[in-house]
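See below for the structure under consideration.
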Amino acid sequence: MNKHFLGDTAVLLGRSLRHISRSPDTIITTAVMPIAFMLLFVYVFGGAIQTGTDSYVNYLLPGILLITIASGISYTAFRLFLDMQGGIFERFQSMPIARPAVLWAHVLTSLVANVISLVVVVLVALAMGFRSGAGVLAWLAVGGILILFTLALTWIAVIPGLSAKSADGAGAFSYPLIFLPFVSSAFVPTDTMPGPVRAFAEHQPVTSIVNAIRDLFTQQPVGADIWTALAWCVGILVVAYVFATVTYRRRIS
């Protein structure tokens with residue numbers, strides 16, 4: 001790896017963050033939809049949903065956090081697409097810049113933007129009555145899972161960002177990811193679902209991640225869920241990273 005990789009990444013990260021600071025509506029838009037879902041399910045549907053908990057917002061929040069991330073990464077793909085179409089990648093290639101730094105700057109920008117959106121969503125949840133007796137270590141564990149999940153989905157976002165034919169196509173890939181928590185334990189217990197749906201819900205990554213975060217928030221033993229969640233996140237991250245880097249090399253070759 002080029003010895004200037006870290007410095008180049010930091011410079012390009014500053015460039016991307018300046019773009020976001022000039023259009024804060026990106027972060028606001030990212031947080032609005034998850035907050036709207038949270039308001040809708042807590043105040044409209046919450047009274048009719050039996051989860052075995054006293055506070056539905058406590059049950060709901062882990063899934064809403066994942067939806068926030070899935071919503072936010074679409075902007076990563078969109079920004080990458082604009083850079084590809086604007087010719088900035090070709091300009092960077094003519095400079096003594098570490099090639100991986102260009103992608104990593106976008107990935108780290110996504111991480112920063114999503115962390116801000118997650119904080120906004122948690123603050124709204126607190127205003128709606130969310131409470132957790134989790135200690136510092138549990139919160140750090142939740143943060144670690146969310147960061148790992150963000151990195152995994154962001155590297156997925158890199159692929160359409162580099163290969164899409166239109167701006168709409170670059171962002172459209174995130175729709176299935178936003179929908180995935182609805183077929184999981186995020187909103188209702190999986191044992192209330194019909195057989196085939198329940199089988200899918202219990203064996204897809206969102207359920208194990210949601211269950212692990214929920215157990216950490218409620219100070220319950222996390223059991224195997226946390227290891228399953230970490231395995232899913234790391235597995236998705238590795239596969240997405242490999243495909244993204246291969247796609248990037250093909251585009252700049």
Side-chain angles (χ1 to χ4, degrees), residues 1-20 26 30 66 68-115 117-118 143-178 180 204-206 209 228-253:
M1 184 175 290
N2 192 301
K3 64 180 180 179
H4 300 299
F5 168 72
L6 293 179
D8 294 342
T9 301
V11 171
L12 294 174
L13 173 61
R15 165 186 173 267
S16 296
L17 290 177
R18 283 193 295 273
H19 287 174
I20 289 182
T26 298
T30 298
L66 300 194
T68 304
I69 295 169
S71 175
I73 58 163
S74 64
Y75 287 97
T76 302
F78 178 71
R79 287 190 294 268
L80 263 173
F81 175 81
L82 292 183
D83 275 357
M84 290 296 296
Q85 296 301 306
I88 193 69
F89 275 57
E90 288 78 4
R91 187 178 303 174
F92 286 151
Q93 287 182 65
S94 66
M95 301 176 182
I97 294 176
R99 290 189 174 185
V102 180
L103 285 187
W104 275 102
H106 279 281
V107 170
L108 294 177
T109 300
S110 172
L111 184 59
V112 172
N114 276 288
V115 167
S117 297
L118 290 170
I145 293 172
L146 293 175
I147 287 173
L148 197 57
F149 185 71
T150 301
L151 288 173
L153 292 197
T154 298
W155 280 107
I156 293 177
V158 168
I159 301 171
L162 294 172
S163 57
K165 303 300 182 183
S166 67
D168 290 338
F173 83 98
S174 66
Y175 298 151
L177 299 178
I178 294 172
L180 203 56
Q204 58 120 320
V206 169
I209 297 170
T228 304
L230 291 174
W232 272 113
C233 290
V234 172
I236 294 170
L237 174 58
V238 170
V239 172
Y241 175 78
V242 170
F243 277 95
T245 52
V246 169
T247 303
Y248 178 55
R249 288 169 186 166
R250 286 178 178 174
R251 288 303 305 267
I252 65 175
S253 60

message = What I'd like to find out is whether the side chain of Ile69 reaches to under 4.5 Å of the side chain of Leu177, using heavy atoms alone.
response = no
Without placing hydrogens or testing angles, list every side-chain donor-acceptor pair under 3.5 Å for residues 144-165, not counting sequence neighbours.
| unit_1 | atom_1 | unit_2 | atom_2 | d |
| --- | --- | --- | --- | --- |
| Thr150 | OG1 | Leu146 | O | 2.7 |
| Thr154 | OG1 | Ser110 | OG | 2.9 |
| Thr154 | OG1 | Thr150 | O | 2.6 |
| Ser163 | OG | Ile159 | O | 2.7 |

request  = Report the C-alpha distance between Leu230 and Ile209 in whole Å, list the side-chain angles of each, state the deciding distance to 0.1 Å, and finish with yes or no for side-chain contact (heavy atoms from CB on, under 4.5 Å).
outcome  = CA-CA 8 Å; Leu230 291 174; Ile209 297 170; over 6 Å; no
Under 3.5 Å: donor-acceptor pair, side chain of Ser74, backbone of Ser71 = yes
For the student: nearest non-hydrogen atoms of Thr109 and Arg79, plus distance = CG2-NH2, 4.1 Å
remark   = Between the NE2 atom in His106 and the CG atom in Leu80, the distance rounded to the nearest 0.5 Å is 4.5 Å
query = With a cut-off of 6.0 Å (strictly less than), are more than 12 heavy atoms of other residues, nucleotides or ligands near CZ of Phe81?
reply = yes
ask   = Can you tell me how far the CG atom of Leu111 sits from the CH2 atom of Trp104, to the nearest 0.5 Å?
value = 9.5 Å
